[in-house]
Amino acid sequence: MRVVRDVAAVRAAVAGSGRVGLVPTMGAFHEGHLSLIRAAREACDLVVVWLFVNPTQFNEASDLVAYPRDEARDAALAAESGADILFAPDVDTVYPRGFATTVTVSGVADVLEGVQRPGHFAGVATVVAKMLNMVGPQVAYFGAKDAQQVAVVRRMVADLDIPTRIEVLPIVREADGLAMSSRNVRLDPGERRSAAALHRGLVAAKSAVALGERNPAALARGIEAELTAVGIDPEYVAVVDPDTFTPVDTIAGPTLIALAARVGSTRLIDNIEVAP
Ligand code: AMP
């Protein structure tokens, strides 16, 4: 595996390489990231892993400063998982002097995470557009963990005619159900135990749907009760259409239940798909 820092080098590597798969990441790899790299390895001739802690998608300076970084460890894990190229540009490469363009997606980017994290999705959409233009992959791999990000990226790729297929892989979880996240390392042992309530609540809601519950408000109340029982006050629990992220009136088709909560000072998100 080669580590590449500039656009010309990544384009030279990609040229004539057949089917190119891109795995966008901010590093601090865990099994969630590695599952995406392995899926790309299975399906593509050349696997490019993008590693860039994108400053413009952080709405809290303290979160950006505290974000875990270990490129040497990430490079070893990416290589083991089948990456051919680790594309890790500097901030000046991605945002050179004079940079003045922002990609904003309306609608799906304006709710939930879009409200809680102002500017976040503009940062995401802009960097994903740039990355897809830099690398030109046939396929890009994303995790269902960031479900609203997936919906925003799909909207942007369709709207801007970007010729990349977006593949989405399931959420990889710890043994107690907590969705793997680079931010989990910030949880102290007590917070780590409490954090399992996020997935417990989502699974209970899915079971309720299987037993016939169709009322989004009742599902959200059940999840909120599970969270408050361990002292977690959610930022939102939302029952939405998986493509548009608009709230649904009743569970009539494939529906996403998404939540965000601070556990101590660490902000976590999770979601689950339900259907009647
Ligand atoms: P990040 O480095 O957090 O920006 O994540 C990079 C990619 O990995 C995104 O597409 C995430 O959705 C995905 N990802 C993060 N955590 C998980 C997880 N637990 N399971 C599956 N995919 C994940």
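Each ligand, and each atom within it, is numbered from 1 in the order the structure gives. These figures come from a predicted structure and were not determined experimentally.
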Pick whichever of Ser35, Ala144, Pro170, Ser182 has a heavy atom sitting closest to atom 21 (C) of ligand 1.
-> Pro170

Pick from His30, Arg173, Glu174, Glu31: the one approaching atom 15 (C) of ligand 1 most closely through a non-hydrogen atom | His30

Polar-atom distance check: [X] versus ligand 1, any N or O pair below 3.5 Å?
{"X": "Met26", "answer": "yes"}
{"X": "Gly143", "answer": "yes"}
{"X": "Ala179", "answer": "no"}
{"X": "Ile171", "answer": "no"}
{"X": "His33", "answer": "yes"}

Could you tell me the residue and atom name of the protein heavy atom closest to atom 11 (C) of ligand 1, and the distance to it rounded to 0.1 Å?
-> Asp146 OD2, 3.1 Å

Less than 4.0 Å between a side-chain N and a carboxylate O, is that true for [Y] and [X]?
{"X": "Arg117", "Y": "Glu235", "result": "no"}
{"X": "Glu71", "Y": "Arg69", "result": "no"}
{"X": "Arg262", "Y": "Glu191", "result": "no"}

If we only count heavy atoms from C-beta on, is the Thr164 to Pro137 side-chain gap below 4.5 Å?
-> yes

Test item, Pro24 contacting ligand 1 (heavy atom, 4.0 angstrom) = yes

Any donor-acceptor N/O pair, Ser35 side chain to Gly32 backbone, under 3.5 Å | yes

For residues Leu112 and Gln148, report the shortest heavy-atom separation together with the two atoms involved.
-> CB-OE1, 3.5 Å

Closest non-hydrogen atom pair, Leu178 against Asp176 | N-OD1, 3.2 Å

